[in-house]
**Q** 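Sharing a structure here in structure tokens format.
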Amino acid sequence: MMEDMKSGLDNKTDDAPRIATKELTLSMGPQHPATHGVLRLVLDLDGETVVKCTPYVGYLHRGVEKLSEYRNYFQIIPLTDRLDYISSMAGNIGYCVAVEKLFDIQLPERAQYIRTIAAEMARITNHLLWLATHALDIGAMTVFLYCFREREVILDLFERMSGARLTVSYPRIGGVKNNVDAKWLDDLYRFTDEFPMRLEQYETLIDKNRIWLRRTKGIGIISAEDAINWGISGPTLRGSGVPYDIRRYMPYGVYDKVKWEVPVGKNGDVYDRYRVRMEEFRQSNSIIRQCIKQIPDGPVMADAPKFILPAKDKVLSDMEHLIRQFVLITKGPQSAPEGEIYVATEVPKGELGFYIISDGTGKPYRMRVRAPSFVHVAVLPKLCEGGFVADVIANIGTIDIVLGECDR
């Protein structure tokens, strides 16, 4: 009798009609929480499964590229702050490197070291904010608070270095705004002594946490071939096992004078991209320590008369010298080499490229920016489709976007 009942239940289960579901179209955003900016995603859902994901950008459009064509090369520097304002120092440096290549300006060695230190500090601050918000999106609150503790230390150092904490405008065409003293370098070195212990605290909290692993392992997988075809760069590309880093293959600054490794992942999922960035923390920390030990004395600005006045003459008063400097900044260079140039640098989010067309005047005829966030937003459908709605949030965090450079 029990066997008949069991058989009947089995037959009833097999013959029972499935519950019909209706596809739902959901507009996620444009809003800041979880989407990391004013990003809008239109999701076609079957239950909680994402059938189709369509990203929409442009809600924060700033017109930086067009604004740059109406300013001289010096005046464009503050605009590059506002691209990726999380790591504005790296954006400033990328732009200055492009203009210096156009004008064939050779930087003093000390300026190169200071720039490399500043770029790696920007990488650490960027990854700290990324880890804080990414973990918070997935449900880890404590990591958010810990990351801001260390980020404040670097922002304080930025403030002492440049006078600003977020949009710094510290690099200059031909060098940097001002020198750094031994006390500043000592304080930074002290931070690098303590930072590895802080990283261990982050990893203790989430590295093997079963909730973190369930939310990140096997989620948002993209193969090395697909990542290359989509134009992905930076840690997002290296998480798929591609060891490409512009600092290694087309070095600038002093990256060819220090020892460091390129961290890579294997599976190309959210967890691997997390591990790549955690290892980049350690590599950046090591690069900064080496640069502090090796930094030479000397000037921090190149001999570039079009962009900087020579040392103040004894005949000139302080006011006269300031007036001449103001005129130089506002008028800018009156001529430039004709031609076009594309220069890329490795910023925390990936490859940042500046394409400049010069018509020989003191302003760029055209300037276009290859922003990694804009490229990475396009890969969201590849990462999200077939997964759950909850995984969409993890996928947005794992590509580390900022809409300031996406809607440039």
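None of these values were measured; they are calculated from a predicted model.
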**Q** Would you call the rings of Phe195 and Phe191 parallel, tilted or perpendicular, where under 30° means parallel and over 60° means perpendicular?
**A**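 Parallel: the ring planes of Phe195 and Phe191 meet at under 30°.
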**Q** When you measure from the side chain of Glu385 to the backbone N and O of Val50, does any donor-acceptor pair fall under 3.5 Å?
**A**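 Not a single qualifying donor-acceptor pair exists.
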**Q** Any donor and acceptor pair, going by atom type alone, linking the side chain of Tyr95 with main-chain N or O of Tyr73 inside 3.5 Å?
**A**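 Answer holds: yes.
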**Q** Short question: side chain of Glu23, backbone of Asp46 - any donor-acceptor pair under 3.5 Å?
**A**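 No, Glu23 side chain to Asp46 backbone: no donor-acceptor pair under 3.5 Å.
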**Q** Quick check against the 3.5 Å criterion: does Thr361 have a side-chain atom that pairs as donor or acceptor with the backbone of Lys363?
**A**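 Checked: pair present.
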**Q** Quick one, Phe388 and Ile219 - any side-chain contact, counting heavy atoms below 4.5 Å?
**A**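 No; the side chains remain at least 4.5 Å from each other.
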**Q** Parallel, tilted or perpendicular, judged at 30° and 60°: which one describes the rings of Tyr271 and Tyr274?
**A**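 Ring orientation of Tyr271 relative to Tyr274: tilted.
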**Q** If the threshold is 4.0 Å, N to carboxylate O, is there a salt bridge linking Arg275 and Asp207?
**A**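 Counted as a salt bridge, because a side-chain N and a carboxylate O are separated by less than 4.0 Å.
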**Q** Given the rule in the side chain to side chain donor-acceptor pair (under 3.5 Å) test, do Ser87 and Arg123 qualify, once you have shown the distances and angles that lead to the verdict?
**A** CA-CA 7 Å; Ser87 55; Arg123 191 174 309 277; over 6 Å; no
**Q** Is it the case that the side chain of Trp230 and the backbone of Lys382 share a donor-acceptor pair, with hydrogens and angles ignored and the cut-off at 3.5 Å?
**A**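 Absent.
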**Q** Can you tell me if Gln290 and Tyr113 form a side-chain donor-acceptor pair at under 3.5 Å?
**A**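 Tyr113 and Gln290 do not have a side-chain donor-acceptor pair below 3.5 Å.
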**Q** Below 4.0 angstrom, N of the basic side chain to O of the carboxylate: do Asp156 and Arg165 qualify?
**A**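 Yes, Asp156 and Arg165 are salt-bridged.
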